[in-house]
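Fair warning: this is a prediction, and the values are worked out from it, not measured in the lab. What you see below is based on every heavy atom in this structure, not just the backbone, and it leaves out hydrogens, waters and symmetry mates.
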Amino acid sequence: MAVTQRRGRRIMMTPGELDEFLAGQRTCRVATVSADGRPHVSALWFAWDGSSLWLYSITRSRRWTELRADPRIAVVIDDGEEYGELRGVELSGTAVIVGETPRIGEPCPELDVPESLFARKNFGLDEMPHDGRHAWLRLTPDAIASWDFRKLSGR
């Protein structure tokens, strides 16, 4: 994975800060590419396992259709209200479908960790509920850019 920041290294998150931030956030914005080349952005919950971002998407969504045709993806997770509080991460790469589509709960060892993380973080459950409408996308980023403006004030 490439660090894409040439400028702004002073406000870049360390690997530990990045993991802590992504583990604590719930909502991301997912950018996909439409058939005519226009970007499409939508909000989605996610889980971070330390190396990949896991997205649980409705399989009949525009996002899903676009990723099946063109798996390039960019995701932004950010936080903060005031300028000096802003922090966030942009991850980009290729989305990969993992497990059955749609997910009904068939055994898939590769999904054990992300489903456990997602269920605890978003539902307060030990096991992932499956509704037969969603499926998993994995983004192992090719590039990550991060920022934490709190570092500008020495926090």
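With rounding to the nearest 0.5 angstrom, the OG1 atom of T65 is 11.5 Å from the CD1 atom of I58. Annotation: the span from L22 atom CG to I144 atom CD1 amounts to 7.5 Å, rounded to 0.5 Å. Rounded to the nearest 0.5 Å, atoms CG (L91) and SG (C28) are 9.0 Å apart. The line from CG of L111 to CE of M128 is 9.5 Å long, rounded to the nearest 0.5 Å. Taken to the nearest 0.5 Å, the CG atom of L53 stands 5.0 Å off from the CD1 atom of I77. Considering CD of E85 and CZ of R150, their distance stands at 9.0 Å, rounded to 0.5 Å.
Annotation: side-chain hydrogen bond (donor to acceptor under 3.5 Å, both in side chains) contacts of D126 (sequence neighbours excluded): none. Residues passing the salt bridge (Lys or Arg N to Asp or Glu O under 4.0 Å) test with E17 are K151, sequence neighbours excluded. Under the rule for a salt bridge (Lys or Arg N to Asp or Glu O under 4.0 Å), R60 has no partner lying at least two apart in sequence or in another chain. Applying the salt bridge (Lys or Arg N to Asp or Glu O under 4.0 Å) test to R138 and every residue at least two apart in sequence or in another chain returns E110. Not counting sequence neighbours, the partners of N122 by the side-chain hydrogen bond (donor to acceptor under 3.5 Å, both in side chains) test are R26. For the side-chain hydrogen bond (donor to acceptor under 3.5 Å, both in side chains) test, no residue two or more places apart in sequence or in another chain qualifies with E127. Residues meeting the side-chain hydrogen bond (donor to acceptor under 3.5 Å, both in side chains) test with S92, sequence neighbours left out: none. Partners of D131 by salt bridge (Lys or Arg N to Asp or Glu O under 4.0 Å), not counting sequence neighbours, listed by chain and number: R133.
Side-chain contact between V30 and L55 is present, with at least one heavy-atom pair separated by less than 4.5 Å. Side chains of W45 and F123 form a contact here, defined as non-hydrogen atoms less than 4.5 Å apart. Taking 4.5 Å as the limit, some side-chain heavy atom of D112 sits within range of a side-chain heavy atom of P109.
Taking the six-membered ring where the residue is Trp, H134 and Y56 present parallel rings, their angle staying beneath 30° rather than reaching 60°.
The backbone N or O of Q25 sits less than 3.5 Å from a side-chain atom of K121, completing a donor-acceptor pair. No donor-acceptor distance shorter than 3.5 angstrom exists from the side chain of R68 to the backbone of P71, with no hydrogens or angles considered. For the pair E100 (side chain) and E106 (backbone), a donor-acceptor distance under 3.5 Å is present.
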* With side chain to side chain contact (heavy atoms under 4.5 Å, CB included) as the test, would you mind laying out the steps for I73 and L67 before giving the verdict? => CA-CA 8 Å; I73 189 171; L67 287 170; 4.1 Å; yes
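Listed by chain and number, the hydrophobic cluster partners of V113 are L117, where partners are ILVMFWY side chains within reach of under 4.5 Å, directly or through others. Grouping Ile, Leu, Val, Met, Phe, Trp and Tyr by side-chain contacts under 4.5 Å, direct or through others, leaves I104 on its own.
Residue pairs satisfying the ring pair (Phe, Tyr, Trp, His ring centres under 6.0 Å) criterion with at least one member in residues 58-83, sequence neighbours excluded, are listed as follows: Y83-F149. The list of salt bridge (Lys or Arg N to Asp or Glu O under 4.0 Å) pairs with a residue in residues 31-40, not counting sequence neighbours, reads D36-R38.
Counting non-hydrogen atoms of neighbouring residues, nucleotides and ligands closer than 6.0 angstrom, the CZ atom of R62 exceeds 12 such neighbours.
A donor-acceptor contact closer than 3.5 angstrom is absent between the side chains of T32 and R63.
In this structure, F118 has its ring center under 6.0 Å from that of W136.
P114 and A47 make their closest contact through O-CB, 4.1 Å (heavy atoms, listed as atom of the first residue, atom of the second, distance).
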